[in-house]
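The structure appears below as structure tokens.
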Amino acid sequence: MKKNIFKIFAILLIVGLANSCKKEEALNVDFSQYNIDNPVANTALDKWLTTTFLDEYNIDVIYRYNRFYHGDDRDVASVKVDKVQAQMQTVLEGFILPYRKIAGTAFIKKMVPKQFVLFGSGSYNPDNSYTLATAAAGRNITIYAVNDFNVNVPGDVVGKLKTIHHEFTHTLNQIVPMPDDFQNITKSTYLATWTTTPDAVARDNGYVTPYASSQPGEDFAETVSHLLVFGQAWFDARANSSTAIGKAALKAKEASVVQYFTNMGIDFRSLQMEIQNIVRNQYKYQQASFRYWMGQNLYKTMTINLEDGVYAANGISSEFATAYNNFKAAVLAYSSTQKYHLDFVQLRFESTNVLTVRAAFSNATTQYFGDYSFNYTINTTTGAVTFTKVANATGTTFSNGALFTVPFTNTIQAYLTGKTFIADWLPPTITSANYNSYGGFYLQGTPTNNFYGLLGQTL
């Protein structure tokens with residue numbers, strides 16, 4: 001039985017060897033269809049990366065998988081090629097170009113990391129957290145979780161931008177150390193095991209995130225990135241919802257950050273404005289909109305004084321100016337013996353639906369307030385706002401307001417009621433000196449018919 005088996009095997013082996021000696025014909029197979037990450041291919045993506053980043057900024061964008069770039073102790077997925085350009089376009093628009101415009105071409109070309117490495121998944125850590133990005137030696141930024149990136153989802157874009165700005169702050173700190181005063185603001189509450197710290201505890205201790213509470217370097221980078229990308233309104237809301245000690249710490253950290261950039265010759269507020277304009281207008285991030293923060297009742301007052309220079313510099317609609325100035329004239333004409341001047345009109349947002357419109361008027365010695373009661377509604381998605389006059393509350397200020405009931409009804413009240421307005425950051429021409437300080441409303445369908453004022457966060 002064994003002998004027969006060996007004979008059969010010998011025959012098969014001979015046949016196999018004979019066949020192997022036959023001349024092979026070339027197969028017409030395009031392997032690029034099966035390996036789109038061909039390292040020798042000069043694809044359209046490669047050309048775009050070269051022109052946009054390598055030629056202009058000497059930045060090498062590495063997206064083809066290489067274990068060397070993430071370390072041997074982690075398993076990290078490769079990036080999907082169709083995610084690369086969208087991710088790097090965001091890096092360009094939301095990070096490089098704003099710095100280039102505000103800090104200057106020489107600064108960004110010198111300071112920007114010279115290597116961006118992309119991976120598809122996050123890099124998971126032993127404490128069950130995972131790394132979204134890293135910076136190394138002031139010259140490398142590695143971005144993880146690119147496969148989850150969707151440029152059409154504003155939250156994805158903003159989240160990635162926040163991470164990129166965080167890592168670039170580390171790069172800056174490796175060249176220009178963070179200020180000593182920042183490290184001492186909450187020195188006693190840093191905790192390496194930050195993953196066990198609830199967000200509310202971190203907030204009340206003066207941190208923008210629990211991760212910021214891990215150590216000063218991460219705290220500084222988190223503070224910078226949140227101010228730039230999430231914006232001043234977000235930061236102020238965080239501080240306002242903290243304890244008195246936590247708020248003081250957050251505002252002290254903000255001041256330290258602004259000074260750090262000033263010392264490098266960078267106007268932080270101009271940089272913040274540039275990035276916020278992109279986040280708000282290009283990426284349509286809802287939580288950066290004025291309508292969102294009005295819905296959160298962050299802003300308690302909006303003060304309008306048409307004698308302020310901001311209106312001469314930025315303009316005001318003729319429709320509102322007419323109502324305001326006619327009311328001002330009526331206040332002046334109220335008494336022939338006692339002349340009163342309209343100092344300002346202030347919208348006081350008592351809650352998310354109750355509004356008091358206050359007229360401040362004064363004679364030669366004393367300022368008085370005259371109040372009028374309204375309700376308002378706001379759609380935080382569309383920004384649509386309506387104002388409705390209701391019966392006045394009682395008290396001295398409402399009695400003062402009654403002195404001018406008729407002219408108020410015919411001017412300011414007539415302008416506000418019976419219309420739909422849109423809440424927005426106004427005026428669009430505001431400079432960085434007043435950025436984040438003004439907001440207002442324009443008539444739905446007619447943006448040129450608008451009013452705006454100085455915002456306040458306390459009544």
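Here the structure is a predicted model, which means the values were calculated and not measured. Only this structure's heavy atoms are used, side chains among them; waters, hydrogens and symmetry mates stay out.
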May I ask you to decide if the ring planes of [X] and [Y] are parallel, tilted or perpendicular, using 30° and 60° as cut-offs?
X: Y415; Y: F421; value: tilted
X: Y99; Y: F107; value: parallel
X: H166; Y: Y211; value: parallel

Any donor-acceptor pair under 3.5 Å linking the side-chain atoms of [Y] with those of [X]?
X: D236; Y: Q232; value: yes
X: S256; Y: D181; value: yes
X: Q282; Y: N277; value: no
X: T186; Y: K253; value: yes
X: N449; Y: T446; value: no
X: Q286; Y: T381; value: no
X: S317; Y: T448; value: no
X: N140; Y: T142; value: yes
X: N314; Y: T429; value: yes

The test is side chain to side chain contact (heavy atoms under 4.5 Å, CB included); show your working for I316 and L306 and say whether it passes.
CA-CA 8 Å; I316 188 73; L306 294 193; 4.2 Å; yes

Ring centre gap for [X] and [Y] strictly below 6.0 Å:
X: F116; Y: Y63; value: no
X: W48; Y: F53; value: yes
X: Y299; Y: F349; value: no
X: F119; Y: Y144; value: yes

Please determine which of Y442, F451, F441 meets the side chain to side chain contact (heavy atoms under 4.5 Å, CB included) test together with F320.
F451

Picking from R269, E274, Q276, what satisfies side chain to side chain contact (heavy atoms under 4.5 Å, CB included) with Y435?
Q276

Pair [X] + [Y], salt bridge at N-O below 4.0 Å:
X: D46; Y: R64; value: yes
X: K162; Y: E222; value: yes
X: D148; Y: K80; value: no
X: D60; Y: K114; value: no
X: R100; Y: E56; value: yes
X: K160; Y: E93; value: no

What heavy-atom pair brings [X] and [Y] nearest, and what distance separates the two atoms?
X: A239; Y: K247; value: O-CB, 3.3 Å
X: L92; Y: Y57; value: CD1-CE1, 4.3 Å
X: L455; Y: N436; value: CD1-O, 4.4 Å
X: P447; Y: N450; value: O-ND2, 2.9 Å

Within a reach of under 6.0 Å around CG of L54, are more than 12 heavy atoms found that belong to other residues, nucleotides or ligands?
yes

Quick check: are there more than 12 heavy atoms from other residues, nucleotides or ligands sitting under 6.0 Å from NZ of K101?
no

How far apart are the C-alpha atoms of R203 and S241, what are their side-chain angles, what is the distance that settles it, and do they pass the side chain to side chain contact (heavy atoms under 4.5 Å, CB included) test?
CA-CA 8 Å; R203 178 199 65 205; S241 63; 3.3 Å; yes

Tell me, with the steps shown, if T356 and E350 meet side-chain hydrogen bond (donor to acceptor under 3.5 Å, both in side chains).
CA-CA 7 Å; T356 299; E350 314 281 352; 2.9 Å; yes

With H226, which of W234, Y207, F235 fulfils ring pair (Phe, Tyr, Trp, His ring centres under 6.0 Å)?
W234

Determine whether F387 and F374 satisfy the following criterion, ring-ring contact (aromatic ring centres under 6.0 Å, His included), listing intermediate values before the conclusion.
CA-CA 7 Å; F387 301 101; F374 288 75; 7.2 Å; no

